[in-house]
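The structure appears below as structure tokens.
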Amino acid sequence: MLASCAKTPETHARIAVATNFLDTAQKLEAAFEAETNFTIDLVSGSTGQLYTQIVNGAPYDAFLSADAARITRLLMSDHGVDGTRMTYALGRLVLYGAKDTETTLREGRFKRLAMANPKLAPYGMAAEETLNKLQLSGTVSDKIVYGQNVGQAYGFVQTGNAELGFVALSQMKKGSGNYWIIPERYYGKIWQDSVLLSFGKNNKSAIAFLSFLKSRHAQSIIKSSGYEVLSDG
């Protein structure tokens with residue numbers, strides 16, 4: 001019996017997942033494993049960090065990115081499997097922290113503003129676009145503290161190291177706090193795409209998990225976590 005419960009390459013997969021989606025991915029992992037005979041391990045990090053690891057040979061079977069651009073690059077460089085790409089979620093950006101967050105930002109009544117590194121994380125890029133749209137980039141540049149990912153940006157606000165932070169709406173679903181949902185016209189759509197990686201092209205667990213993401217059950221979990229989806233499965 002013990003042998004039948006062991007993780008094997010046929011029934012187990014390692015999934016790289018962008019930090020903003022980790023909490024949701026953990027809910028999906030539980031549901032997926034409850035409904036199938038497969039298991040997965042989640043490895044999180046900024047989209048840029050995970051992308052670099054993948055092109056350098058990290059043994060991940062599938063990738064849940066926070067953008068579409070790096071999935072395109074993986075497919076062009078043969079690190080991704082053609083025909084397996086999908087948009088599993090559309091992300092939303094929020095400004096989190098002080099009371100009257102929008103006014104606090106516009107009037108500059110803060111010492112530190114946290115955001116993910118735009119070079120590594122799509123939510124950081126969206127935050128940068130928002131500041132440009134609001135014509136605040138020049139006035140707040142010396143107040144910005146960067147995290148490697150949106151999880152670190154959230155942590156800066158949680159620990160009081162920043163009064164404001166640009167984070168994902170999904171992060172607001174796990175606790176209380178003041179936040180302003182940034183109008184979507186302020187930044188480009190955050191297309192969160194996934195792909196089966198070449199390393200896992202024959203991995204049944206990874207293939208099954210990506211298929212599960214399209215199901216009505218999975219998309220219900222994704223929507224309830226603060227994301228939009230393209231269909232109802």
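In what follows, residues are counted from 1 in the order of the sequence shown. Computed over heavy atoms, backbone and side chain alike; hydrogens, waters and symmetry mates excluded.
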Taking only Lys NZ, Arg NE, NH1 and NH2, and the carboxylate oxygens of Asp or Glu, determine whether [X] and [Y] approach each other closer than 4.0 Å.
X    : Y    : value
R85  : D193 : yes
E228 : K223 : no
R106 : E102 : yes
R112 : E163 : no

Exercise. Backbone N or O of A68 within a donor-acceptor pair of the T72 side chain at under 3.5 Å?
Worked result: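 Such a contact is found between T72 side chain and A68 backbone.
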Strictly under 6.0 Å, is that where the ring centroids of [X] and [Y] end up?
X    : Y   : value
Y154 : Y96 : yes
F63  : Y51 : no
Y227 : Y88 : no

Seminar exercise, completed: Here the gap from R14 atom CZ to D41 atom CG, rounded to the nearest 0.5 Å, amounts to 7.0 Å
Problem set entry | Atom CG of N37: over 12 foreign heavy atoms under 6.0 Å | no
For this session: Examine L120 and Y60 and state if one hydrophobic cluster contains both, with Ile, Leu, Val, Met, Phe, Trp and Tyr joined whenever side-chain heavy atoms are less than 4.5 Å apart.
Result: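 In one cluster: no.
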Exercise. F38 ring centre to K204 NZ or CZ under 6.0 Å, with the angle to the axis within 45°?
Worked result: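 The answer is no, since K204 fails at least one limit relative to F38.
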For this session: Check salt bridge (Lys or Arg N to Asp or Glu O under 4.0 Å) between D61 and all other residues, then give those that pass, not counting sequence neighbours.
Result: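 By the salt bridge (Lys or Arg N to Asp or Glu O under 4.0 Å) rule, D61 matches no residue at all.
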Close side-chain approach of [X] to [Y], heavy-atom, < 4.5 Å:
X    : Y    : value
V145 : L113 : no
F166 : I182 : yes
L50  : V17  : no

